[in-house]
Every structure is written in structure tokens, then in C-alpha cells.
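Owing to the predicted nature of the structure, the values given are computational and were not obtained by experimental measurement. Numbering of ligands and ligand atoms starts at 1, following listing order.
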Amino acid sequence: MEDAQVVGTAENSACGDVLHLYLRIEQERIERATFKTFGCAAAIAAGSMLTQMIEGATLEEIQQLRKEDVVEALGGLPPMKLHCSVLAEDAIRAAVRDYKLKS
Ligand code: FES
């Protein structure tokens with residue numbers, strides 16, 4: 001996203017996959033969310049679902065979001081791929097940190 005105000009980057013230390021979450025925020029609400037990942041299919045699915053889940057949500061609401069919520073919204077992930085959803089949760093935390101630093 002070229003006009004992102006906030007970027008949250010998360011890396012999975014086990015596999016080295018990376019997810020960047022880009023946000024536009026208007027009055028404490030996520031106006032637009034996109035992502036870019038160097039990751040597996042599960043990480044791509046989690047990133048895509050994450051952006052759908054957080055658009056329109058408040059900053060407070062997205063801080064409540066957990067990796068389990070993303071996995072449930074996806075209809076589940078194979079047990080060996082559950083860790084891939086951690087990128088989504090970590091990217092939110094990083095994005096919120098970035099927002100607070102810039103505010
Ligand atoms: Fe690395 Fe899925 S295998 S995030």
C-alpha cells in the first residue's frame with residue numbers, strides 16, 4: 001500500500017517467513033488493510049483473512065484479535081501449519097506499536 005500510515009512486520013523465526021501488514025487508519029479505525037508476505041500458503045491465507053477481518057475495526061478491537069480467531073475464520077489449518085497464523089497476530093502487534101510511536 002503506497003499510502004500506508006502504519007506498517008507491522010512479523011517474522012517467524014522457525015521458518016524465516018515474513019509478513020508485512022499495511023494500514024490506513026482514520027479516527028482510530030482501520031480504513032484499509034493490505035499485506036505482503038514471503039511465506040507459505042497458510043501464511044498467505046492468514047494474511048488475507050486478517051486484512052478482511054480488521055478492515056472497519058477499531059484499534060482497540062484489533063488488539064483483541066488472536067491467531068486462533070484467524071484460524072477459526074479460515075475454517076482451520078492443518079496442525080503442522082497452525083504456527084503460520086502467528087505471523088498475523090504478531091503483525092497486528094507490530095502495526096499497533098508503529099501507530100503508537102507515530103501518534
Ligand atoms: Fe513459515 Fe508457514 S511455514 S509461516
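Sorted by first and then second residue, the side-chain hydrogen bond (donor to acceptor under 3.5 Å, both in side chains) pairs involving residues 81-103 (not counting sequence neighbours) are Glu28-Tyr99, Asp98-Lys102.
Cluster membership for Val86 and Ile62, using ILVMFWY side-chain heavy atoms within less than 4.5 angstrom, is not shared. Taking hydrophobic clusters as Ile, Leu, Val, Met, Phe, Trp and Tyr residues chained together by side-chain heavy-atom distances below 4.5 Å, Leu65 shares a cluster with Leu19.
Counting only distances under 2.8 Å, and ignoring water, the protein N, O or S atoms around atom 1 (Fe) of ligand 1 are Cys15 SG, Asp17 OD2.
Near Lys81, the atoms of ligand 1 lying under 4.0 angstrom from a non-hydrogen atom of the residue are 3 (S).
Between the Thr51 side chain and the Ser48 main chain, a donor and an acceptor come within less than 3.5 Å of each other. The backbone N or O of Asp69 sits nowhere less than 3.5 Å from a side-chain atom of Glu72 that would complete a donor-acceptor pair.
Using a 4.5 Å cut-off on side-chain heavy atoms (C-beta onward), Leu23 and Ile54 make contact.
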